[in-house]
Number of protein chains: 2
Amino acid sequence: MAKELHHPTREQIDLSAVLDALSDPIRRQIVARLRHTGEEACSCFGEFASKTNLTYHAARLREAGVTRTRIDGPRRMISLRAADLEARFPGLLEAIVAGTEAETGRSAPAQAEPAEA
Amino acid sequence: MAKELHHPTREQIDLSAVLDALSDPIRRQIVARLRHTGEEACSCFGEFASKTNLTYHAARLREAGVTRTRIDGPRRMISLRAADLEARFPGLLEAIVAGTEAETGRSAPAQAEPAEA
DNA sequence: CCATGGGTTCAGGAGTTGTTGAACAATAGG
DNA sequence: CCTATTGTTCAACAACTCCTGAACCCATGG
């Protein structure tokens, strides 16, 4: 398992891949949370999807260049490549995270939409 | 053909749908061009895809709330819903258009990255 | 040694996407 | 009327997406 995981370089990060990766609500939730926590293990996102599925989504984010995955013993620690994304597509990550938090309620887990007009 | 085309209201615009719509390079090129020209007919994008295909992509953009389609005689005039997008997801459209132009070279067809500061 | 917690890999399935060609519809001009 | 321009609808297709269960690997700790 000590295989090196593939990550695109900063220059290789492709806009289509990033938008595709972030068009999925589950992946966007993961990203939004990493924004606050900095780094987390895969297992911390068990609320969003099954273990198998999480591997899939994590790979999707990693291959798009959105996250970096570091191997730490038996765990995979995931973090945001915020600086790389900001350098390549300024303002993009922030706009998407803000939009995600606005839609999901930002801190409330349920949908407590205050019924906007 | 004088059917009314469906457009989501500003509040109905969904982030997943927008990102999904803009994850396609063809649709992003259309959007990037509308950014400069304001309003154009479907046929003006014939360089990007076939007629049939253009109908598909235009519908995708429209249904996501990214563009508005106005019927003008035999033509369909497409324009960006920039204000609606900006109100809903501030900075998003600008970041994506900028990234698109950086990748496509904005005027050069090939990849001649002049390494702007 | 065996078990456990943390992740992966594989095969498969239901659904979606991007694309095409053929046929059609609607508006406008001779 | 006939024709051209502009765009739609439909059926089909290969490829991909998201998700699942079963099996597996790998590091640690009794």
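Computed from a prediction, not measured in an experiment: that's the story for all the values here.
Across all strands, A/L54 comes closer than 4.0 Å to no nucleic acid atom at all (heavy-atom distances). When heavy atoms are screened at a 4.0 angstrom cut-off, B/T55 is found touching base atoms of the nucleic acid. Base contact: A/T52 has a heavy atom under 4.0 Å from a base atom. Backbone-only engagement by A/A41 is indicated by non-hydrogen atom pairs under 4.0 Å involving sugar-phosphate atoms exclusively.
Considering only side-chain N and O atoms, A/H57 lies under 4.0 angstrom from the phosphate OP1 or OP2 of D/dC19. Taking only side-chain nitrogens and oxygens, A/R75 never comes nearer than 4.0 Å to OP1 or OP2 of D/dA27. Phosphate contact (OP1/OP2 of C/dG7, side-chain N/O of A/S43, threshold under 4.0 Å): present. For D/dT17, the OP1/OP2 oxygens have a side-chain nitrogen or oxygen of A/R60 closer than 4.0 Å. Between C/dT19 and B/N53, a contact under 4.0 Å exists linking OP1 or OP2 to a side-chain N or O.
For the pair B/E40 CD and D/dG7 C1', the interatomic distance rounds to 16 Å; values are reported in whole Å. One can place CG of B/L5 at 14 Å from C1' of C/dA25, the figure rounded to the nearest angstrom. Atom-to-atom, CG of B/L22 to P of C/dG18 comes out at 12 Å; the value is rounded to the nearest Å. Between the CG atom of B/L19 and the C1' atom of C/dT17 there is a distance of 17 Å, rounded to whole Å. Atom CG of B/L61 and atom P of C/dG18 are 10 Å apart (whole Å). Following rounding to the nearest Å, A/D20 (CG) and D/dC18 (P) show an atom-to-atom distance of 7 Å. Atom pair A/I26:CD1 and D/dC18:P shows a separation of 9 Å (rounding to whole Å applied). Per the geometry, CZ belonging to B/R28 stands 17 Å off P belonging to C/dT17, to the nearest Å.
Distance from the side chain of A/K51 is smallest for C/dT8 among the nucleotides C/dT19, C/dT8, D/dT6.
In this structure a side-chain-to-backbone donor-acceptor pair under 3.5 Å is present from A/R88 to A/I13.
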task: Output, in order, the C-alpha distance, side-chain angles, deciding distance and verdict of side-chain hydrogen bond (donor to acceptor under 3.5 Å, both in side chains) for A/T100 and A/R28.
output: CA-CA 7 Å; A/T100 301; A/R28 233 162 34 230; 3.2 Å; yes
- request: Apply the test salt bridge (Lys or Arg N to Asp or Glu O under 4.0 Å) to residues A/E94 and A/R35: give CA-CA distance (whole Å), side-chain angles for both, the deciding distance (0.1 Å), then the verdict.
  value: CA-CA 9 Å; A/E94 196 175 345; A/R35 226 336 152 74; 5.4 Å; no
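Within 6.0 Å of the CZ atom in A/R75, the count of heavy atoms belonging to other residues, nucleotides or ligands does not exceed 12.
Atoms CZ and CZ, from A/R68 and A/R81 in turn, are 4.5 Å apart once rounded to the nearest 0.5 Å.
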